[in-house]
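Below is one structure, written out as structure tokens, with a few remarks after it.
We name chains A, B, ... by the order of the sequence lines, and we start the count at 1 in each one.
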Amino acid sequence: MVQLVEERPYRWRIEPEGGMRVPGVVFATRELLPDPSEDQALAQVAAVATLRGIVEAAYAMPDMHWGYGFPIGGVAATDVAAGGVVSPGGVGFDISCGVRLLLADLHVDDLRPRLDKLMDALDVSVPRGMRKGAVWRLHSQAELENILAGGARYAVERGHGEPGDLERCEDRGAVADADPAGIGSRARERGLQQVGSLGSGNHFLEVEAVADVYDEEIAEAYGLWQGRVCVMIHTGSRGLGHQICTDAVKTMQAAMTRYGISVPDRQLACAPVESHEGRAYLAAMAAAANYGRANRQLLGQAARQAFDRVTGHGDLTLLYDVSHNLAKLETHQVDGGTRRLCVHRKGATLALPPGHADLPPDLRPVGQPVLVPGSMGVGSYVLAGVPGGPAFASACHGAGRRLSRHQAVKTTSAATLRAELERAGIAVRGASARGLTEETPQAYKDLDAVVEVCVQAGLARKVAKLAPVGVVKG
DNA sequence: ATGTAC
């Protein structure tokens with residue numbers, strides 16, 4: 001049983017004990033903490049703190065909940081030079097799952113009369129669900145390799161977007177150190193079929209409108225004016241990333257004894273960053289990251305075409321595209337020294353502070369847009385990275401699941417949910433009954449409360465809230 | 001999250 005101490009408001013501590021090398025630090029209010037009788041996420045934070053090379057603390061965001069090995073909402077950094085490990089469970093099965101936000105040159109009042117037509121167009125042009133179909137049909141492994149190496153940049157080179165899009169993508173659309181060589185044939189086969197598809201679960205494409213502005217200066221820099229229509233796309237690397245994770249976990253479980261590594265949970269399988277298995281995973285993960293970015297690039301382009309056909313405003317501007325399931329090699333100050341760290345963010349969004357060199361020049365003065373999708377019908381937040389964040393420049397990634405999918409379907413029905421959304425003026429397209437019910441907002445934490453913790457804990461700044469107008473679900 | 005199962 002994990003003992004939690006409230007260090008100060010919005011910040012809880014798990015003292016190191018047993019094999020823990022560092023404390024656990026959880027950003028939350030009492031109400032947002034998981035209930036240990038139903039959700040093992042706090043025990044998972046303590047388990048992550050045992051990993052070789054971990055520095056500072058095993059962190060958890062206020063939207064944390066139980067995941068595979070690591071909690072979702074977890075942030076853990078290991079010191080590469082000190083034999084620090086990389087763990088596929090610290091990234092998650094949906095490698096490079098993330099969010100892209102595009103801005104239309106359109107006020108929501110002017111969209112309303114054509115909303116149904118727009119949603120019908122998106123319904124047709126956004127492949128999703130378990131069934132086959134994707135925007136881009138690949139014919140060869142060579143073509144897939146270009147995506148794995150070039151990400152959104154390759155998609156844009158092939159005409160699926162505008163060069164300016166890349167300035168607003170994390171890593172400018174492509175991670176440099178991707179190497180498809182180590183990716184298995186099964187992952188490749190799955191990847192061939194799904195570039196430009198949404199998937200299912202909590203993935204979605206949502207039409208939204210700016211409803212509240214909290215920080216005028218940053219909102220202006222981001223282009224978020226009251227009533228502005230936006231498109232938020234939440235998806236990842238589909239079956240390809242899933243297969244790469246599955247393969248790497250298996251490989252590392254077999255390799256750990258060779259490196260003298262033992263972990264309290266088999267799902268925490270890991271290998272030193274500087275090992276054959278560690279390097280191979282990071283190279284394959286980077287390739288999946290590029291696949292995920294190309295995927296969102298293609299779906300953004302599909303949205304542009306639908307907007308163009310229906311509203312004549314196809315010129316959607318990309319605000320930002322950022323992953324919330326990724327491990328990155330980054331340089332941070334730890335204990336007064338500069339260290340090269342492998343930072344795992346699983347259900348945690350990168351949140352670069354103002355002035356950071358990785359930001360495009362026009363965003364550098366205000367910090368990185370942090371995109372936080374809420375549950376269905378609740379809307380989303382745009383936050384901004386702040387200086388001196390306490391968890392390696394990370395923030396929350398969403399509302400955070402509170403009930404399991406199984407529990408969620410018992411609370412309501414698809415018909416009820418659909419009626420509630422429509423009564424609230426939100427158009428819904430193409431969700432399976434089961435999928436829709438599993439995503440009921442009752443199954444999620446209170447997004448406003450989660451975001452407030454991020455602000456109060458110094459993780460990010462509130463910029464604007466987006467209200468949902470129409471949702472396309474898998 | 002996921003051809004919801006090796």
Exercise for the section: Could you state the atom-to-atom distance from NE2 of A:H242 to P of B:dT4 in whole Å? Expected result: 9 Å
Problem - Partners passing ring-ring contact (aromatic ring centres under 6.0 Å, His included) against A:Y259 (at least two apart in sequence or in another chain) - result: none
Exercise for the section: Please report, rounded to the nearest Å, how far the P atom of B:dT2 is from the CD1 atom of A:I72. Expected result: 13 Å
Practice task
Find the distance A:Q193:CD to B:dT2:P and express it as a whole number of Å.
Solution key: 15 Å
Practice task
Check whether any side-chain N or O of A:S200 sits under 4.0 Å from OP1 or OP2 of B:dT4, and answer yes or no.
Solution key: no
Handout entry: Under-4.0 Å salt bridge between A:D165 and A:R153
Key = no
Completion exercise
Contacts of A:T235 and A:K250 projected onto DNA chain B by closest heavy atom; the upstream (5') one is A:T235
Practice task
Report the residues that fulfil ring-ring contact (aromatic ring centres under 6.0 Å, His included) with A:F204, sequence neighbours left out, ordered by chain and then residue number.
Solution key: A:H234
Practice task
Specify the separation, in whole Å, of atom OH of A:Y291 and atom P of B:dT2.
Solution key: 11 Å
Handout entry: Contact under 4.0 Å: A:R405 side-chain N or O vs B:dT4 OP1/OP2
Key = no
Completion exercise
Taken to the nearest whole Å, CZ/A:F93 to P/B:dT2 is 12 Å
Fill in the blank from the handout: Rounded to whole Å, the CZ-C1' distance (A:R434 to B:dT4) equals 10 Å
Handout entry: Atom-to-atom span, CG of A:L198 to P of B:dT2 - whole angstrom
Key = 9 Å
Practice task
In plain terms, say whether A:D247 and A:R186 are close enough for a salt bridge, that is, a side-chain N and a carboxylate O under 4.0 Å apart.
Solution key: no
Exercise for the section: Quick one: label A:G201 by what it contacts on the DNA or RNA (base, sugar-phosphate, nothing), any heavy atom closer than 4.0 Å. Expected result: sugar-phosphate
Fill in the blank from the handout: Atom OH of A:Y68 and atom P of B:dT2 are separated, to the nearest Å, by 17 Å
Exercise for the section: Would you classify A:Q194 as touching base, sugar-phosphate or nothing, given that sugar-phosphate means primed atoms plus P, OP1 and OP2, and contacts are heavy atoms under 4.0 Å? Expected result: sugar-phosphate
